[in-house]
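Structure, as structure tokens:
In what follows, residues are counted from 1 in the order of the sequence shown.
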Amino acid sequence: MVNTKVTLSGITLDNPIIPASGTFGYGYEFAELYDINILGSFSFKGTTKEPRFGNPTPRIAECTGGIINSVGLQNPGIEKVISEELPKMKKVFHKPVIANISGFSVEEYVYCAEKINAEEQVGIIEVNVSCPNVHHGGMSFGTSPQAAAAVTKAVKTVTTKPVYIKLSPNVTDIVSIAKACEEAGADGISLINTLMGMRIDLKTGKPTIANKMGGFSGSAIFPVAVRMVYQVYEAVNLPIIGMGGVSTAEDVLELMLAGATAVQVGAANLVDPFACKNIIEDLSHVMKKYGIKDLNHIIGGAHK
């Protein structure tokens, strides 16, 4: 027997596999295909204060080893998520979930965090700091240690649940941002969010997606994720949820060796809706193959 259980901020997961925000809806869409209670948890679709239709179409472009998307945080807004989506989700998923929240000002983050904190099924609040700060020239909160820390501190004042800050890889020094979040009171770090990418249509000579650029995800970014998780693990004393191009059980073990306690699976769900199920079913076999009896023994193992 192997032990696949891991613990994030006092919450025990049956396994470290977590579908990433924006790739798994609110769970019930996938519950039609398989029993999603086999998951460790899942991070539901990014939620903002106001409803968002998202960016203009086309907003998806394929590329080698991945996908570029510029969906633009399409969601019904925090009030409807709480009143309509979470009750539907609760019928099909019976474990604590991760609530992903976004905002365009510190006040919006605080509003969403306070609202979602009251929801019993939410185990962890994941704060996406990749949004543009509308009060400071549109630069992403996640590209500045000071801005990321300000969001962290503000959210922590209105929540009792663990707060994980989801970091953008589109920076020159991710370590300084992770450290700033730790000093501001973060309970954990999620990384990496999507890289910035772009495609140009040869027939038209114009950008393929309406927004010109978008988030680049998929297996091609996995080595970047491993590198950044490794760097952040060395720098902070916080649990890490690793993500970025994960598509196999072997990828999960590699990210855990780099320092992740749990692992999110994103773009793979868009290619194969059974991706997480397959990884979970394969995990114990791959652990046995590499002589791993307990996943907790390999977290950060590459640093020893």
Rounded to the nearest 0.5 Å, how far does [atom2] of [Y] lie from [atom1] of [X]?
| X | Y | atom1 | atom2 | answer |
| --- | --- | --- | --- | --- |
| Leu191 | Gln231 | CG | CD | 9.5 Å |
| Leu167 | Met243 | CG | CE | 9.0 Å |
| Thr143 | Ile174 | OG1 | CD1 | 11.5 Å |
| Glu182 | Ile165 | CD | CD1 | 12.0 Å |
| Asn100 | Phe44 | CG | CZ | 8.0 Å |
| Thr47 | Ile116 | OG1 | CD1 | 6.0 Å |

Exercise for the section: Tell me, please, which residues at least two apart from Phe93 pass ring-ring contact (aromatic ring centres under 6.0 Å, His included). Expected result: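 Phe42.
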With a 4.5 Å cut-off on side-chain heavy-atom distances among I, L, V, M, F, W and Y, is there a chain of contacts connecting [X] to [Y]?
| X | Y | value |
| --- | --- | --- |
| Val2 | Ile292 | yes |
| Leu257 | Tyr290 | yes |
| Ile221 | Met198 | no |
| Phe274 | Ile17 | yes |
| Tyr111 | Val129 | yes |

Hey, are the side chains of [X] and [Y] touching, using non-hydrogen atoms and a 4.5 Å cut-off?
| X | Y | answer |
| --- | --- | --- |
| Ile189 | Cys181 | yes |
| Val224 | Phe216 | no |
| Phe24 | Val265 | no |
| Lys90 | Glu85 | no |

Problem - Qualifying residue, where the test is side chain to side chain donor-acceptor pair (under 3.5 Å) with Asn193 and the options are Ser21, Ser217, Ser130, Ser168 - result: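 Per the side chain to side chain donor-acceptor pair (under 3.5 Å) rule, the option paired with Asn193 is Ser130, out of Ser21, Ser217, Ser130, Ser168.
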Ignoring hydrogens and angles, tell me if any N or O in the side chain of [X] forms a donor-acceptor pair with the backbone of [Y] under 3.5 Å.
| X | Y | answer |
| --- | --- | --- |
| Thr48 | Gly77 | no |
| Asn55 | Asn211 | no |
| Arg52 | Gly72 | yes |
| Lys161 | Glu119 | yes |
| Asn296 | Thr261 | no |
| Asp251 | Phe222 | no |
| Lys45 | Asn75 | no |
| Asn269 | Gly266 | yes |
| Asn15 | Ile38 | yes |

Distance-only side-chain donor-acceptor flag, [X] / [Y], under 3.5 Å:
| X | Y | value |
| --- | --- | --- |
| Tyr164 | Ser9 | yes |
| Thr208 | Asp201 | no |
| Asn117 | Thr159 | no |

Practice task
Begin from the C-alpha positions of Lys5 and Asp294 and carry the test salt bridge (Lys or Arg N to Asp or Glu O under 4.0 Å) through to its verdict.
Solution key: CA-CA 8 Å; Lys5 290 190 175 185; Asp294 188 334; over 6 Å; no
Work out which heavy atom in [X] is nearest to a heavy atom in [Y]; give both atom names and the distance.
| X | Y | result |
| --- | --- | --- |
| Ala186 | Leu238 | O-CD2, 3.4 Å |
| Ile18 | Ser43 | CG2-N, 3.8 Å |
| Cys276 | Pro19 | SG-CG, 3.7 Å |
| Met89 | Gln121 | CE-OE1, 3.8 Å |
| Val106 | Ala154 | CG1-CB, 3.5 Å |

Note: [X]-[Y] ion pair, threshold 4.0 Å (strictly below):
| X | Y | value |
| --- | --- | --- |
| Glu79 | Lys115 | yes |
| Asp187 | Lys156 | yes |
| Lys277 | Asp35 | no |

Within a 6.0 Å radius of atom [atom1] on [X], are there more than 12 heavy atoms belonging to other residues, nucleotides or ligands?
| X | atom1 | answer |
| --- | --- | --- |
| Lys203 | NZ | no |
| Leu33 | CG | yes |
| Lys88 | NZ | yes |

Exercise for the section: List the steps and the verdict of side chain to side chain contact (heavy atoms under 4.5 Å, CB included) for Thr248 and Ile279. Expected result: CA-CA 6 Å; Thr248 66; Ile279 291 171; 5.5 Å; no
Handout entry: Candidate pair Ile98 and Ile241, rule side chain to side chain contact (heavy atoms under 4.5 Å, CB included), full reasoning
Key = CA-CA 11 Å; Ile98 298 172; Ile241 302 177; 4.2 Å; yes
